[in-house]
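Nothing here was measured: the structure is a model prediction, and the numbers come from that model.
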Amino acid sequence: DYDDFGALAEAIVAEEMAVDSDGLVETGPTRARAVARAVELGIGERDATARLDRLATLNVVDLVGGEVYPGENFSRL
């Protein structure tokens with residue numbers, strides 16, 4: 001279910017992103033790393049990829065330059 005994966009994706013992004021001393025995001029996990037982490041947590045690779053794309057469509061995450069960042073709706077799921 002997308003809500004469950006949304007929460008999981010938020011946790012993966014939060015776990016893997018680096019922030020500066022002001023709390024601004026410097027880097028996010030690569031798309032490949034986010035999918036690999038979801039697979040480690042029991043989501044199938046194809047399913048994780050499709051769900052990540054769907055979350056990008058919903059603006060929960062932003063996919064920029066091969067990295068995954070918090071989107072406008074990141075903490076609203």
How long is the straight-line distance from CD of Glu26 back to CG of Asp20, given to the nearest 0.5 Å? 5.0 Å
In chain order, what residues pass the side-chain hydrogen bond (donor to acceptor under 3.5 Å, both in side chains) check against Glu45, with sequence neighbours excluded? none
Measure the CE-CG distance between Met17 and Leu24 for me, rounded to the nearest 0.5 Å. 10.5 Å
Give the minimum heavy-atom separation between Val19 and Val25, together with the two atoms involved. CG1-CA, 4.1 Å
Over all atoms of both residues, closest heavy-atom pair of Ala34 and Val68: CB-CG2, 4.1 Å
Side-chain touch Arg37/Glu15, heavy atoms, less than 4.5 angstrom: yes
What distance separates Leu52 CG from Thr57 OG1, expressed to the nearest 0.5 Å? 10.0 Å
Between CG on residue Leu8 and CG on residue Leu55, distance to nearest 0.5 Å: 9.5 Å
Which atom pair, heavy atoms only, marks the closest approach of Ala38 to Ile12? N-CD1, 3.7 Å
Between Asn73 (side chain only) and Leu58 (backbone N and O only), is there a donor and an acceptor less than 3.5 Å apart? yes
Which of these, Asn59, Asp62, Val61, sits in a side chain to side chain contact (heavy atoms under 4.5 Å, CB included) with Glu72? Asn59
Under 4.5 Å between any side-chain heavy atoms of Asp53 and Leu63, yes or no? yes
How many angstroms lie between atom OG1 of Thr27 and atom CD of Glu67, to the nearest 0.5 angstrom? 5.5 Å
Compare all side-chain heavy atoms of Arg31 with those of Thr49 and state whether any distance is below 4.5 angstrom. yes
